[in-house]
Protein chains: 2
Amino acid sequence: MNDLEVRQLRYFVAVAEELHFGRAAARLGMAQPPLSRAIRELERQLGVTLFERTTRQVRLTGAGEVLLRDAGTALEAITAAAQRARHAGSASPRLRIALKADIDGGLLPQILDAYRTDPAALPPELILGGFGDQPGALRDGLADVALVLSPMDDRGLDTEPLITEPVLVAMAATDPLAARSRLCLADLAGRILPNGAPADAGRVDAGRAAPRRPGEARPASNLSEIFNLVETGSVVFFAPASVARRNPRPGVAYRPVGDLPNCTLVIAWPQDARSPAVAALVRAACAIAAGRRAPAEPQTRSTTA
Amino acid sequence: MNDLEVRQLRYFVAVAEELHFGRAAARLGMAQPPLSRAIRELERQLGVTLFERTTRQVRLTGAGEVLLRDAGTALEAITAAAQRARHAGSASPRLRIALKADIDGGLLPQILDAYRTDPAALPPELILGGFGDQPGALRDGLADVALVLSPMDDRGLDTEPLITEPVLVAMAATDPLAARSRLCLADLAGRILPNGAPADAGRVDAGRAAPRRPGEARPASNLSEIFNLVETGSVVFFAPASVARRNPRPGVAYRPVGDLPNCTLVIAWPQDARSPAVAALVRAACAIAAGRRAPAEPQTRSTTA
DNA sequence: GATCATTCATATCCCCAGGGTATCGATCGC
DNA sequence: GCGATCGATACCCTGGGGATATGAATGATC
């Protein structure tokens, strides 16, 4: 009946991910016996067995899988509470905007200009994370609002679409496929993306990033690195049309991919955000994007956040 | 840097709500000094002052207000994780459907019939909560899916609309206003709702329920009680048209209210639900509702959850 | 199939975090 | 100015969470 403790959830997540008490204990910086005891106590409190264990192997039960999913979001909520409180108490609160460099479709300067005219605006602070996990940063309270490409993992977030564009594939100009003017996903079988995933998987990687195994090469984390790899033919790369337009490079060819869905640049924020500064930025972004979509008749309808 | 503990958050919430260390300590079943110390330690960990305290009064700082909001959702996430794991591990998992009695517009039997034909269906279990907080039950893991009237507090939930209907006001047949065939909200000034709120506030109570002060009368918790009160002229009551249709009573008059927005019956579930049984019920509900909206051409398009 | 290595569980000890009691000190009402 | 109220400080003490040592069971190897 007594409720769970954060410590118990962290222990559980470690064991559930490692499926090995010894390794999980090492990862937690503690000895194995207290970890075993803690998991047993957790199971007793819940009245549920979370792991099927023999002396040789550990497996998650159904209840364990459920808890693993929910424990993650609960831990995110806790760290987010701490981060947001820290930030709110700091002397100079800012509006922390997370985005990958160069995916803003060139809208960011105008959005910021419009945003700064809003009386509710706080000074903006850009958090540029290369292959960083912007939705995760929102959920963990490290950022207040983000510009990301949809589809993405939007659990706990509210979003507003800004602009939709086709996705092009960037490949070496010398690539045999570059001779063709139009491709489909199957043509890319065998090519790999900068993050090591196969290129023909249909962008299923849009959700949670797979955990990187230690020893693997660090994936390229910015466009310069990526274009270097692309030019050498090592990888191919999916880029929204605006990114392609803003990065013409002699050694790189962009080609449309027939059966790849369009991607949408969205502005996202935590669902329970009540900050007027976030609302101001969302308003500004929607207004600018609407103007971009229909430049003849600039729209001014404000979108409530 | 060490992360927060559930205990600290509970302590903080208690003090933040009571704004009084002594009362908060009593509510937590502990003495006041360790509570003071725990809050100080929390502030030290966050590097932020959460309360402005003099010896005579305690006030929340801005950071404290932020934390109060986020702490609530974090605690909900923790208890939800525990509840869902408990339920998933129980011998006979069921699909727990939360709703207020009689607000289903008469759709529930058909929905359940359709649902039961789905191979992914688990045995349904109805959780009927009178004035209960269905969205809260979803967030706390006490139910898997709910039928509720929108607008409501949908943080962390996904919803799908089922049917939209006008809202009528139920009043005593002897009420002078019952002589008129059409009313507007302002006409109801001075009347009160079964939960004690003023009737002309425009249903702003749709969000989080206000905490009930001890000593106040318990609000009526089911339709029978409510209609009794309505018949005596003690209260008025807002009812969707389908509820009115299914509850004709001699002593009660239903009248349309001009400036009251329609209400929508929605099916809601936790945003990160992955249960096939939830998806099956959502599909069934959407199909039945679509058929109800256009009975001439029964729709079978399945709605993915 | 006997032996060994691996891995989770049990037994036992120990320390400190978190809670209790007593008291102080500051502020407000009268 | 005096007492009452309420948060802060000082100090003690207990129990839970952690470590170490060891047991027990299973799978691999020859």
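Chain A is the first sequence line, chain B the second, and so forth, proteins listed ahead of strands; every chain is numbered from 1.
Minimum atom distance to the side chain of B:R37 is reached by C:dG20, of the listed C:dT10, D:dT9, C:dG20. Checked against C:dG19, D:dG7, C:dT21, the side chain of B:H20 finds its nearest nucleotide in D:dG7. Among the nucleotides D:dA19, C:dG19, D:dT9, the one closest to the side chain of A:P34 is D:dA19.
At a threshold of 4.0 angstrom between heavy atoms, the contacts of B:Y11 are confined to the sugar-phosphate backbone, with no base atom among them. A:Q32 comes within 4.0 angstrom of a nucleotide base, judged by non-hydrogen atoms across all strands.
Side-chain atoms of B:R7 and base atoms of C:dG18 include no donor and acceptor less than 3.5 Å apart. Between the side chain of A:R56 and the base of C:dT6, at least one donor-acceptor pair of N or O atoms lies under 3.5 Å.
Close to C:dC8, at under 4.0 Å from its OP1 or OP2, lies no side-chain N or O of A:S36.
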Inset, instruction - Applying side-chain contact (heavy atoms from CB on, under 4.5 Å), run through B:L35 and B:M30 and close with a yes or a no. - result: CA-CA 8 Å; B:L35 178 59; B:M30 64 187 292; 4.2 Å; yes
Inset, instruction - Take A:D3 and B:L75, measure what side-chain contact (heavy atoms from CB on, under 4.5 Å) needs, and give me the verdict at the end. - result: CA-CA 10 Å; A:D3 51 20; B:L75 291 175; over 6 Å; no
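Under a 3.5 Å cut-off, the side chain of A:D144 and the backbone N or O of A:R96 do form a donor-acceptor pair. Without hydrogens or angle criteria, B:Q271 side chain to A:G156 main chain gives a donor-acceptor distance under 3.5 Å.
The CD1-P distance, from A:I39 to C:dC8, rounds to 11 Å in whole Å.
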